[in-house]
Amino acid sequence: MKRVEHYLQVLLLACVYLVVPLSLHAKISTNWFYFDNKGHVSGWGEKGCAYGLSFTNNQDGDNTVTVSAYTEGSDATAKTAVNVVIPEKVVENGTTYTVTRVDNVANGSNTEDEGVFSSRTIPDYFRQIVSAVIPNTVTKIGNGTFWSCVNMKSIILGNHVNFIGNDAFQYCESLESISLPNTLTEVGDHFLCHCNKLTSLVVPEALTKIGSYFLHGCQSMRDVYLLGTDKKELGEYPFCSQDEHGDQQVHDCTFWVESEQVYKDNYQNGDNWKYADINNNDVYDSRCDGTYQNGGNGLGKNQYKWEPTPPTFIEYKAKWITACFPTDVDVKANFGDNAKIAEMTKANYIGVQNGEHTYHLTFTIVEPNEGGDLIMKAGQPYLLSVDPENEGSGYIIKQADKEITPICKEVGIENDKEDPSANHTSIKMTGTFTDRSMAKGEFFFSNPDPKEGEEYNQDMGFYQINAVACTLPAYKCYWQIVKDNVPCQKAKLAIDLEENEEGLSTSIKIVHSSQRSHSIYNLQGQKCTQPLNQLSKGIYLIDGKKYSINK
């Protein structure tokens, strides 16, 4: 009997060991998963069914899968303009799978002819794709993924993508913007080849390996920002045209680098980067499908510049900041699932603090819409909090549209009768799309720069412009206190940011900082709280004058 019990125990343990690994590495089927144009789960034949995706297992982790195929949906109206939203997770038979790759071949060995969304793979309905969102779980995008998606205007890359294969966006001739995450380290050949409508691009610091034909035929490109001080490897023929498609060469484009020394070390004579130098007269031969010459004969007229770099892009960190964009922005897609935005909704007079009339502002957290989207509307000013785990969030370029005017958000003081300083007081929050010289008495919202080696903190504050000259960067907001229709230069807004118990509002209350012997700002308009002897290397405005700290 004991022998039988022992046998059963061994058999039971064996079954456990067999079951556990199977549950950790469940096998997803090759069935189609259907979605509507907002990425919500749908089904074939349902209203709004726009497209279908198929998945295969990969070796990235437990129950991780790759988007390996795409097909059109059943709703004729929905599939005429498809907004592909790749899910972070899919569920089948009670098992949850995490999507970590977009590639029709798990090992990434496919060609542009086989890309998941390539217009060559299956006929014309790939041309119906007008936008795409890659989730934060994805780390790799395979070869030819969006090859010749000629009507795709926008692509949002997840904040953990580190590799993009050959031909991934080649011939996306309608693509107007692309933001590359900080985590991206390598892109293959023909990366943005013939993306004819792109006008600007930020190359993150970590992206140091770039394939051939990088901006081949990107004739509208005017600004490329090469961030960081490390040398970036660049393949052949990066700026040429291709005669058979009638495209122009990259021309009149400025390549912005960190400093003149970085230019000399990495770009002046740096392999194929030299072809962006207006002083270089070397000529590409016919292997480029049409010669390319910069400099002397002026066929390219591309050049390098450094200080001062125009701030047409904003770096986002995990902190509350202000933001105002000339186009609608999908908050979760760009800044992470836990990102938040808040709108100024009311203000109260709370008396005299340190000899100045002071005011309490309330910001209300904006809730997602019925479809689950959290949208910053064009031209409207917001407070923005980036997802702290959104490590790859980087640089977003938004060109100001002349037809979009920033909307001034103004709230009156609810207990106006208690304020003896004026018959009527209001507070204005206004966004700006360009660098703005701050006027005396205006406020901007920021947190102090970190000390060297430390992270940004959450100690936000309103900083008022007094005698110190300061410039507010583009896509930020400023405040005015208006008393009887006249901007006030004496009242104060000092703040601490908190959410109430329901998490529905963000309140501003008075805090006081100790007096400093010097008034110090960095060039981004942020007030520095550390003393002079603790400032890190950089350029500062100290008591209204410009100084360079070189230690």
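Everything numeric here is computed off the predicted structure, so don't read it as measured data.
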*For the rings on Tyr478 and Phe444, is their centre-to-centre separation under 6.0 Å?*
no
*Decide yes or no on side-chain contact (heavy atoms from CB on, under 4.5 Å) for Phe214 and Val250, but give the supporting numbers first.*
CA-CA 11 Å; Phe214 174 40; Val250 177; over 6 Å; no
Counting C-beta onward and ignoring hydrogens, is there a side-chain heavy-atom pair between [X] and [Y] closer than 4.5 Å?
X: Phe169; Y: Cys149; result: no
X: Val224; Y: Leu215; result: yes
X: Thr183; Y: Thr185; result: no
X: Lys89; Y: Val99; result: no
X: Leu184; Y: Asn162; result: no
X: Ile164; Y: Leu157; result: yes
X: Val82; Y: Asn37; result: yes
X: Ile86; Y: Phe117; result: yes

*Kindly check if the number of other-residue, nucleotide or ligand heavy atoms within 6.0 Å of CG (Asn369) is above 12?*
yes
*How far apart are the C-alpha atoms of Asp416 and Thr425, what are their side-chain angles, what is the distance that settles it, and do they pass the side-chain contact (heavy atoms from CB on, under 4.5 Å) test?*
CA-CA 7 Å; Asp416 214 9; Thr425 300; 4.0 Å; yes
*How are the rings of His216 and His194 set relative to one another: parallel (under 30°), tilted (30 to 60°) or perpendicular (over 60°)?*
perpendicular
*Option passing side-chain contact (heavy atoms from CB on, under 4.5 Å) with Tyr359 (candidates Ile481, Ile350, Asn348)*: Ile481
*State which residue, out of Leu383, Ile375, Ile341, fulfils the side-chain contact (heavy atoms from CB on, under 4.5 Å) condition with Val366.*
Ile341
*Quick one: which of Tyr304, Tyr263, Tyr267 gives a side-chain hydrogen bond (donor to acceptor under 3.5 Å, both in side chains) with Asp277?*
Tyr263
Between [X] and [Y], does any side-chain donor sit less than 3.5 Å from a side-chain acceptor?
X: Asn83; Y: Ser131; result: yes
X: Thr345; Y: Thr364; result: yes
X: Glu88; Y: Thr137; result: no

*May I have the step-by-step check of side-chain hydrogen bond (donor to acceptor under 3.5 Å, both in side chains) for Glu410 and Ser426, ending in yes or no?*
CA-CA 7 Å; Glu410 183 172 4; Ser426 63; 2.6 Å; yes
*Spatial distance of atom OG1 (Thr430) from atom CD (Gln380) [nearest 0.5 Å]*: 12.0 Å
*Mind running side-chain contact (heavy atoms from CB on, under 4.5 Å) on Arg436 and Lys476 for me, showing each step along the way?*
CA-CA 9 Å; Arg436 184 180 188 277; Lys476 291 297 183 77; over 6 Å; no
_side-chain contact (heavy atoms from CB on, under 4.5 Å), that's the test. Do Val203 and Phe255 meet it? Break it down for me._
CA-CA 10 Å; Val203 180; Phe255 291 78; over 6 Å; no
